[in-house]
Amino acid sequence: MDHNHHTTSSDPHAGHHHPTTAGHDHVEGGSGMHMMRMTFYFGYENVELLFSGLVINSAGEMAGAFVAVFLLAVLYEGLKIARESLLRRSQVSIRYNSMPVPGPNGTTLMETHKTVGQQMISMPHVFQTFLHIIQVVVSYFLMLIFMTYNAYLCIAVAAGAGTGYFLFSWKKAVVVDITEHCH
């Protein structure tokens, strides 16, 4: 390695060498730091998955990781729908609020909103809080997996989320606000 930093070139980087490892997942400098890939790639060697000790090094391990990540994403979508369902079942108080809104030809229409609530100190709310923590942790795991930029793992996250939505969200009641124009 050339350690001579005196150069006559006008290039500011002349005389400086930057270590690169084309085709590898990480670049290691002299300080032992790892730099993550910042572009998508298809690979199954030396792929760290969430933890430093969990490294994918073969096509079989990548296939197993793909299935596990796919199922984690399906679980995340199922958990979201399950929490909504449990919340509807545990609602304690229901209030109806009506408010006037302008209608066609200068008329006034009454729009009614249903407001529901639950008690803070109750088993359903404690259980909802526990499920929320799990949902947040799983969502961050999926985000970090996607941020590996490994295309196989990114496809597993997207396919699992889509499959989970397809399997669990079809029963979900959807309210469409026809006055909303920001779609």
Side-chain angles (χ1 to χ4, degrees), residues 18-92 116-177 180 182-183:
H18 300 283
T20 59
T21 54
H24 292 88
D25 290 339
H26 298 288
V27 176
E28 286 197 39
S31 66
M33 274 184 34
H34 291 272
M35 292 177 54
M36 290 179 47
R37 282 184 175 257
M38 298 306 288
T39 57
F40 289 100
Y41 69 100
F42 285 94
Y44 54 83
E45 291 182 359
N46 199 25
V47 179
E48 286 184 327
L49 185 62
L50 296 177
F51 303 99
S52 61
L54 188 55
V55 181
I56 299 167
N57 281 312
S58 69
E61 289 174 355
M62 179 57 77
F66 185 96
V67 170
V69 169
F70 177 88
L71 292 175
L72 188 65
V74 170
L75 168 78
Y76 174 74
E77 292 296 324
L79 188 57
K80 286 192 320 185
I81 300 304
R83 283 191 58 226
E84 288 178 19
S85 176
L86 288 172
L87 183 62
R88 279 193 296 275
R89 287 188 209 152
S90 67
Q91 294 166 344
V92 175
V116 294
Q118 63 181 12
Q119 296 175 342
M120 187 170 114
I121 308 298
S122 65
M123 279 310 293
H125 185 64
V126 170
F127 188 58
Q128 279 284 343
T129 301
F130 176 73
L131 291 178
H132 177 75
I133 292 168
I134 293 172
Q135 183 180 342
V136 168
V137 169
V138 170
S139 70
Y140 280 122
F141 278 178
L142 292 172
M143 177 195 66
L144 289 171
I145 290 167
F146 206 93
M147 288 176 60
T148 65
Y149 288 101
N150 182 286
Y152 296 122
L153 298 177
C154 293
I155 291 168
V157 170
T163 301
Y165 182 85
F166 180 79
L167 292 175
F168 300 116
S169 292
W170 68 274
K171 289 183 179 182
K172 182 176 162 181
V174 178
V175 176
V176 178
D177 183 0
E180 179 62 50
C182 299
H183 293 287

Hey, are the side chains of Glu61 and Val47 touching, using non-hydrogen atoms and a 4.5 Å cut-off?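 Side-chain contact under 4.5 Å: no.
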
Hey, does Leu49 have a side-chain heavy atom less than 4.5 Å from the side chain of Val55?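 Counting from C-beta outward, Val55 and Leu49 never come under 4.5 Å.
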
Starting at [atom1] of [X], measure out to [atom2] of [Y] and round the result to the nearest 0.5 Å.
X: Asn150; Y: Met62; atom1: CG; atom2: CE; result: 4.0 Å
X: Lys80; Y: Leu75; atom1: NZ; atom2: CG; result: 12.0 Å
X: Leu131; Y: Gln135; atom1: CG; atom2: CD; result: 8.5 Å
X: Glu84; Y: Leu79; atom1: CD; atom2: CG; result: 10.5 Å
X: Phe141; Y: Met143; atom1: CZ; atom2: CE; result: 10.5 Å
X: Phe168; Y: Thr163; atom1: CZ; atom2: OG1; result: 10.0 Å

Would Val157 and Phe66 satisfy side chain to side chain contact (heavy atoms under 4.5 Å, CB included), going step by step from the backbone distance to the final call? CA-CA 8 Å; Val157 170; Phe66 185 96; over 6 Å; no

Minimum heavy-atom separation for [X] to [Y], with atom names?
X: Phe40; Y: Cys154; result: CE2-SG, 3.5 Å
X: Val69; Y: Leu153; result: CG1-O, 4.0 Å
X: Leu86; Y: Gln128; result: CB-NE2, 3.3 Å
X: Gly160; Y: Val74; result: O-CG2, 3.3 Å
X: Glu48; Y: Thr148; result: O-CG2, 3.8 Å
X: Ser139; Y: Val136; result: OG-O, 2.7 Å

Could you tell me if the ring centre of Tyr44 sits under 6.0 Å from that of Tyr152?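 No, too far apart.
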
Backbone N or O of Glu45 within a donor-acceptor pair of the Asn57 side chain at under 3.5 Å? no

Give a yes or no on this: more than 12 heavy atoms of other residues, nucleotides or ligands lie within 6.0 Å of atom CE of Met38.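 No, CE of Met38 has 12 or fewer neighbouring heavy atoms, counting only those of other groups under 6.0 Å.
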
